[in-house]
*Asks:* 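Structure in structure tokens, see below.
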Amino acid sequence: MKNKLLLAFLAISILFNACKKKVEEPAEQDPFKLGYSNLAVEEHKKDLETTGMDFMKKVNTMPDEKFIKVMKHLNDLELELQSNNLKQMNSFAEGASNKSLAKILETATNNDTEKLSDNYGIYTYSSSTKKWTRTSSTDKLEINFPAYENGTVNNAKITMTYVLSGINASIEDELLELPKSATATLVVDRVEEMKFSSAYEYKPDGTPTKTDISLKMGSFTMAFNVANNAEVLTNSFLFSKGTENLFSFNSTVNGTLNLNLANESETPTDIVKNANANFEIMNIKFSGIFDVKGFSDDQKAYENLESEQERNKKEVAGLNKFSQFVAINKTTNSIIAKTEFVSVSDEYCHTNWYTDQQICNTSYDWEPRLVFKDGSKLSFEAFKENGFAKLIKEIEDYGDKF
């Protein structure tokens with residue numbers, strides 16, 4: 001979504017893509033009644049502009065993690081094993097090498113894994129013969145190999161286990177038995193360098209009701225949890241380095257969360273009672289509430305206007321009337337800035353080759369502005385290139401499956 005980053009993307013992905021949920025403020029604390037921070041506005045602006053860069057400084061160390069080099073060396077040893085589970089571990093290493101959190105999360109939430117028991121066995125590499133040998137196993141897939149180029153000792157070990165749920169699902173016309181849990185661990189010199197673990201619960205038809213995923217990648221960890229009991233849908237994500245939480249995302253939806261009802265519903269309020277969402281980037285927390293019913297009713301008054309510009313103005317007015325968004329300093333528990341939505345336009349022109357006339361058209365959109373205590377404003381351009389929008393989209397896309 002063009003220029004709808006961070007807080008704006010939260011508004012769109014949570015409030016519009018996910019059935020336009022109505023947001024209700026947390027019962028324990030109303031973030032919109034907090035006072036403004038006493039720090040100077042210019043200091044806040046500088047902090048906001050550098051938060052994305054500070055985040056990326058942490059992420060930029062990810063390609064230096066040991067497990068990436070080890071997985072690359074395993075590929076060089078040409079193990080003849082067609083395993084989606086092993087491909088998944090390689091994909092984690094590739095995503096980490098490219099510092100792509102969205103790719104890592106996409107890989108972690110992809111259930112396209114074959115029944116691991118089809119590949120059970122212990123594979124051992126011989127540095128003297130440059131060949132692999134396989135011995136049978138009834139409970140795991142294990143791979144033993146030298147961690148680095150020119151290594152002669154098998155000091156790296158990958159171990160994979162898998163438990164079936166007993167529930168089948170049809171995926172692309174193929175009947176597959178879904179996993180109940182799965183683990184994949186890479187140990188180098190007796191130190192755990194990478195570990196992926198997942199646990200799942202389903203409805204009888206294979207629809208997921210709960211997912212718990214954790215991934216250790218050297219000094220980085222990623223945890224993702226989604227659950228839907230037909231009345232409450234929770235979605236949480238946490239990304240950390242060491243003991244420092246770098247990024248987190250949480251949302252809760254309350255209602256009658258039934259797939260058939262959702263397909264038959266005409267308005268979001270048919271299935272959703274309320275919801276709330278927030279995400280945090282290091283020391284900054286973004287929170288928002290949105291009255292979907294009020295906004296939806298308001299839209300009916302202008303949805304048939306012929307002028308796109310007038311519709312856009314009305315929509316922006318509705319966003320500002322029925323929503324509140326704030327950026328909060330977690331240390332001082334005070335408001336850094338509030339958010340307002342503004343109209344934006346983009347003119348594009350082309351030449352009519354038959355008449356040699358230039359024809360111009362204007363499209364209209366909206367984007368957010370942070371509004372500080374002194375009334376000054378700041379766009380979200382400072383966060384444009386850091387990939388948060390894509391990461392949040394991956395989180396929401398997976399949550400939509402529930």
Side-chain angles (χ1 to χ4, degrees), residues 58-59 61-75 79 81 83-117 119-124 137 139-148 154-165 179-201 210-226 236-248 391 394-395 398:
K58 303 285 185 179
V59 176
T61 65
M62 188 177 287
D64 300 326
E65 294 291 342
K66 185 184 296 185
F67 75 93
I68 298 174
K69 186 176 182 179
V70 175
M71 291 304 299
K72 287 181 178 179
H73 181 57
L74 174 60
N75 291 330
L79 172 63
L81 174 63
S83 168
N84 287 341
N85 303 82
L86 186 57
K87 290 178 182 177
Q88 184 182 49
M89 295 189 73
N90 282 319
S91 187
F92 287 142
E94 180 182 351
S97 178
N98 295 323
K99 299 172 289 189
S100 175
L101 301 183
K103 178 178 176 60
I104 294 170
L105 181 59
E106 180 185 10
T107 301
T109 55
N110 185 355
N111 288 343
D112 184 22
T113 56
E114 76 275 285
K115 190 163 69 171
L116 187 65
S117 58
N119 287 314
Y120 277 168
I122 299 175
Y123 294 79
T124 303
S137 174
D139 61 351
K140 64 183 177 181
L141 169 62
E142 182 178 293
I143 305 171
N144 298 279
F145 60 102
Y148 310 111
N154 290 342
N155 59 332
K157 177 189 291 186
I158 291 177
T159 306
M160 299 182 184
T161 62
Y162 188 89
V163 178
L164 292 172
S165 65
K180 179 180 180 181
S181 64
T183 62
T185 305
L186 169 65
V187 174
V188 180
D189 294 323
R190 300 183 180 180
V191 177
E192 186 178 86
E193 296 295 338
M194 178 167 61
K195 182 176 182 180
F196 172 72
S197 62
S198 58
Y200 310 93
E201 296 179 11
K210 185 177 182 181
T211 295
D212 293 312
I213 291 172
S214 65
L215 175 62
K216 170 185 168 62
M217 301 171 290
S219 59
F220 292 89
T221 57
M222 183 180 287
F224 187 47
N225 311 95
V226 186
S236 67
F237 175 84
L238 177 64
F239 176 64
S240 306
K241 182 178 181 182
T243 59
E244 183 179 11
N245 293 340
L246 303 181
F247 180 88
S248 67
L391 177 60
E394 290 297 334
I395 296 171
Y398 188 73

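Being a predicted model, the structure only gives us computed values, none of them experimental.
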*Asks:* How many angstroms lie between atom NZ of Lys140 and atom OG1 of Thr159, to the nearest 0.5 angstrom?
*Replies:*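 Rounded to the nearest 0.5 Å, the NZ-OG1 separation comes to 6.0 Å.
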
*Asks:* To check you understand the geometry: which heavy-atom pair defines the closest contact between Asn144 and Glu142, and what is its length?
*Replies:*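 The pair with the smallest heavy-atom distance is ND2-OE2, 3.0 Å.
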
*Asks:* So do the side chains of Phe196 and Ile213 get within less than 4.5 Å of each other, counting heavy atoms only?
*Replies:*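 Phe196 reaches Ile213 side chain to side chain.
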
*Asks:* Minimum heavy-atom separation for Phe239 and Leu101, please, with both atom names.
*Replies:*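 Shortest heavy-atom separation between Phe239 and Leu101 comes out as CZ-CD2, 3.6 Å.
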
*Asks:* Check Phe67 against Ala93 and note the closest heavy-atom contact, atom names and distance.
*Replies:*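 The pair with the smallest heavy-atom distance is CE1-CA, 3.8 Å.
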
*Asks:* For Ser97 and Ile68, which heavy atoms make the closest approach, and how far apart are they?
*Replies:*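 Looking at all heavy atoms of both residues, the closest pair is N-CD1, 3.7 Å.
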
*Asks:* Measure the OG1-NZ distance between Thr61 and Lys241 for me, rounded to the nearest 0.5 Å.
*Replies:*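 The NZ atom of Lys241 is 2.5 Å from OG1 of Thr61, to the nearest 0.5 Å.
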
*Asks:* Quick one: does any side-chain atom of His73 pair with a main-chain N or O of Ala147 as donor and acceptor, under 3.5 Å?
*Replies:*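 Absent.
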
*Asks:* Going from CG on Leu81 to CG on Asn119, what distance comes out if it is rounded to the nearest 0.5 angstrom?
*Replies:*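 One finds 5.0 Å between CG of Leu81 and CG of Asn119.
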
*Asks:* Please list every donor-acceptor pair under 3.5 Å in which a side-chain atom of residues 182-195 meets a protein atom from a residue at least two apart or in another chain.
*Replies:*
unit_1: Thr183; atom_1: OG1; unit_2: Thr161; atom_2: OG1; d: 2.4
unit_1: Asp189; atom_1: OD1; unit_2: Asn155; atom_2: ND2; d: 3.0

*Asks:* Is the ring pair Phe237/Phe224 parallel, tilted or perpendicular, if the boundaries are 30 and 60 degrees?
*Replies:*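 Judged by the thresholds at 30° and 60°, the geometry between Phe237 and Phe224 is perpendicular.
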
*Asks:* Taking side chain as C-beta onward, heavy atoms only, is Leu215 less than 4.5 Å from Phe220?
*Replies:*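 Sidechains of Phe220 and Leu215: no contact.
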
*Asks:* How long is the span from the CG atom in Leu246 to the CG atom in Leu238, to the nearest 0.5 Å?
*Replies:*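 Those atoms lie 8.5 Å apart.
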
*Asks:* Considering only heavy atoms from C-beta outward, does the side chain of Leu86 approach that of Leu79 to under 4.5 Å?
*Replies:*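 Side-chain contact under 4.5 Å: yes.
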
*Asks:* Roughly how far apart are Ile158 CD1 and Ser83 OG, rounded to 0.5 Å?
*Replies:*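 It comes to 9.5 Å.
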
*Asks:* Do Thr109 and Thr211 have side chains that get closer than 4.5 Å, going by heavy atoms?
*Replies:*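 A side-chain contact is absent here, since even the closest heavy-atom pair is not under 4.5 Å.
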
*Asks:* If you apply the rule side-chain hydrogen bond (donor to acceptor under 3.5 Å, both in side chains), what do you find for Asp212 with Ser214, and how did you get there?
*Replies:* CA-CA 7 Å; Asp212 293 312; Ser214 65; over 6 Å; no

*Asks:* Of the non-hydrogen atoms in Ser219 and Glu65, which two are nearest, and what is the gap between them?
*Replies:*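 Minimum heavy-atom contact is OG-OE2, 2.5 Å.
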
*Asks:* Answer whether the closest heavy-atom distance between the side chains of Ile104 and Met217 falls below 4.5 Å.
*Replies:*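 Yes, at least one pair of side-chain atoms sits under 4.5 Å.
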
*Asks:* Could you tell me the separation between the CG atom of Leu164 and the NZ atom of Lys180, rounded to the nearest 0.5 Å?
*Replies:*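 Going from the CG atom of Leu164 to the NZ atom of Lys180 covers 10.5 Å.
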
*Asks:* Spell out, as yes or no, whether a donor-acceptor pair under 3.5 Å connects the side chain of Ser91 to the backbone of Lys87.
*Replies:*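 Checked: no pair found.
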
*Asks:* Under a 3.5 Å distance rule, please check whether Lys69 uses its side chain to pair with a backbone N or O of Met71 as donor and acceptor.
*Replies:*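 Such a contact is absent between Lys69 side chain and Met71 backbone.
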
*Asks:* For residues Asn85 and Leu141, determine if any side-chain heavy atom of one lies less than 4.5 Å from a side-chain heavy atom of the other.
*Replies:*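 No, every pair of side-chain atoms sits at 4.5 Å or beyond.
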
*Asks:* Check Tyr148 against Val70 and note the closest heavy-atom contact, atom names and distance.
*Replies:*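 Shortest heavy-atom contact: CE2-CG2, 3.8 Å.
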
